[in-house]
Amino acid sequence: EVQLLESGGGLAQRGGSLRLSCTASGFIFGNFYMNWVRQAPGKGLEWVSSIDNSGYNTYYADFVKGQFTISRDNARNTLYLQMDSLRAEDTAMYYCAKGSSGYFYFFDDWGQGTLVAVSS
Amino acid sequence: DIQMTQSPSSLSASVGDRVTITCRSSQALSGWLAWYQQKPGKAPKALIYATFSLPSGVPSRFSGSGSGTEFTLTITSLQPEDFATYYCQQYHSYPLTFGGGTRVEIK
């Protein structure tokens with residue numbers, strides 16, 4: 001059974017930093033793209049970032065480019081999101097999502113999320 | 001960027017009803033369209049991928065159809081556990097984008 005467990009969320013000050021982690025189990029972590037998706041309170045889903053299985057190629061939504069950094073440690077089965085220069089609008093639940101197999105992938109498994117709140 | 005437009009944004013329906021949700025994309029997706037279900041306080045769950053394929057464990061009352069830029073999620077005979085918010089998502093190209101969501105409420 002695939003399990004994705006996010007951690008690292010919490011209250012941060014505007015301009016501050018947080019590092020989210022997602023620990024995976026139940027599948028061969030190094031074989032799949034991994035992703036972060038967020039959801040602001042009462043709002044819809046918003047893709048944030050993706051990383052290929054090797055960690056060499058990364059992709060970002062324009063609104064976090066240069067602010068967030070996605071990375072992975074395949075030896076530790078862990079995905080990361082380094083969040084810097086946090087803004088109030090970054091307040092959201094952040095979900096880790098596993099990509100399905102194939103070049104074109106959807107999000108076939110999701111973690112329960114970790115909540116990030118940025119105070120002004 | 002590919003824009004995804006869902007309609008309606010909300011609907012009220014009764015148990016046993018047939019429900020249809022539409023998703024339109026600003027560019028052709030070559031079928032790379034997924035649907036997700038999200039219940040309050042829970043993570044999203046994949047319902048449909050590649051326009052019409054169901055992941056293992058998804059009930060057959062859910063179906064997807066469409067092509068090009070127009071796609072549909074249909075729930076035949078709505079069940080109590082189906083009251084939730086549904087999102088479409090394109091995975092044809094980055095940035096990956098979601099529709100705004102459709103909230104299905106009890107009439």
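For the numbers below, each heavy atom of this structure counts, side chains included, while hydrogens, waters and symmetry mates do not. The chains referred to below are lettered A, B, ... by the order of the sequence lines, with proteins before strands, and numbering in each begins at 1.
- Only the backbone of A/Glu46 comes within less than 4.5 Å of a heavy atom of chain B; no side-chain atom from C-beta onward does.
- Interatomic distance, B/Ser56 OG to A/Asp108 CG, rounded to the nearest 0.5 Å: 11.5 Å.
- Under the 4.5 Å side-chain heavy-atom criterion for Ile, Leu, Val, Met, Phe, Trp and Tyr, B/Ile21 and B/Val15 are members of the same hydrophobic cluster.
- Following chains of ILVMFWY side-chain contacts shorter than 4.5 Å, one can reach A/Val2 starting from A/Leu79, so the two form part of one hydrophobic cluster.
- Rounded to the nearest 0.5 angstrom, A/Phe106 CZ and B/Leu96 CG are separated by 13.0 Å.
- Formation of a donor-acceptor pair under 3.5 Å by the B/Tyr36 side chain with backbone atoms of A/Phe107 is found in this model.
- Both B/Phe71 and B/Val104 are members of a single hydrophobic cluster when ILVMFWY side chains are connected at heavy-atom separations under 4.5 Å.
- For B/Glu81, the CD atom counts as densely surrounded, since its 6.0 Å shell holds more than 12 non-hydrogen atoms of other residues, nucleotides or ligands.
- Of all heavy-atom pairs spanning A/Gly111 and B/Ala43, the tightest one is O-CB, 3.1 Å.
- Using cut-offs of 30° and 60° on the angle between ring planes, the pair B/Tyr94 and A/Trp47 is tilted.
- Summarising the local packing, CZ of B/Phe62 is surrounded by more than 12 heavy atoms from other residues, nucleotides or ligands at distances under 6.0 Å.
- Within 6.0 Å of the CZ atom in A/Arg14, the count of heavy atoms belonging to other residues, nucleotides or ligands does not exceed 12.
- If you measure heavy-atom distances from A/Ser49 to chain B, you find no contacts under 4.5 Å at all.
- In the hydrophobic clustering of this structure, B/Phe98 does not group with A/Trp36; members are Ile, Leu, Val, Met, Phe, Trp, Tyr whose side-chain heavy atoms approach within less than 4.5 Å, directly or through other members.
- Only the side chain of B/Gln38 comes within less than 4.5 Å of a heavy atom in chain A; its backbone stays farther off.
- Nearest heavy atoms, A/Lys43 versus B/Tyr87: O-OH, 3.8 Å.
- Heavy atoms of A/Tyr103 lying under 4.5 Å from chain B are absent altogether.
- A/Ile70 and A/Leu18 fall within the same hydrophobic cluster, defined by Ile, Leu, Val, Met, Phe, Trp and Tyr side-chain heavy atoms under 4.5 Å apart, directly or through other members.
- A centroid separation of 6.0 Å or more is found between the aromatic rings of B/Tyr91 and A/Phe104.
- One distance of note links CG of A/Leu45 with OG1 of B/Thr85; it measures 9.0 Å at 0.5 Å rounding.
- Using a 4.5 Å cut-off between heavy atoms, A/Val48 makes no contact with chain B at all.
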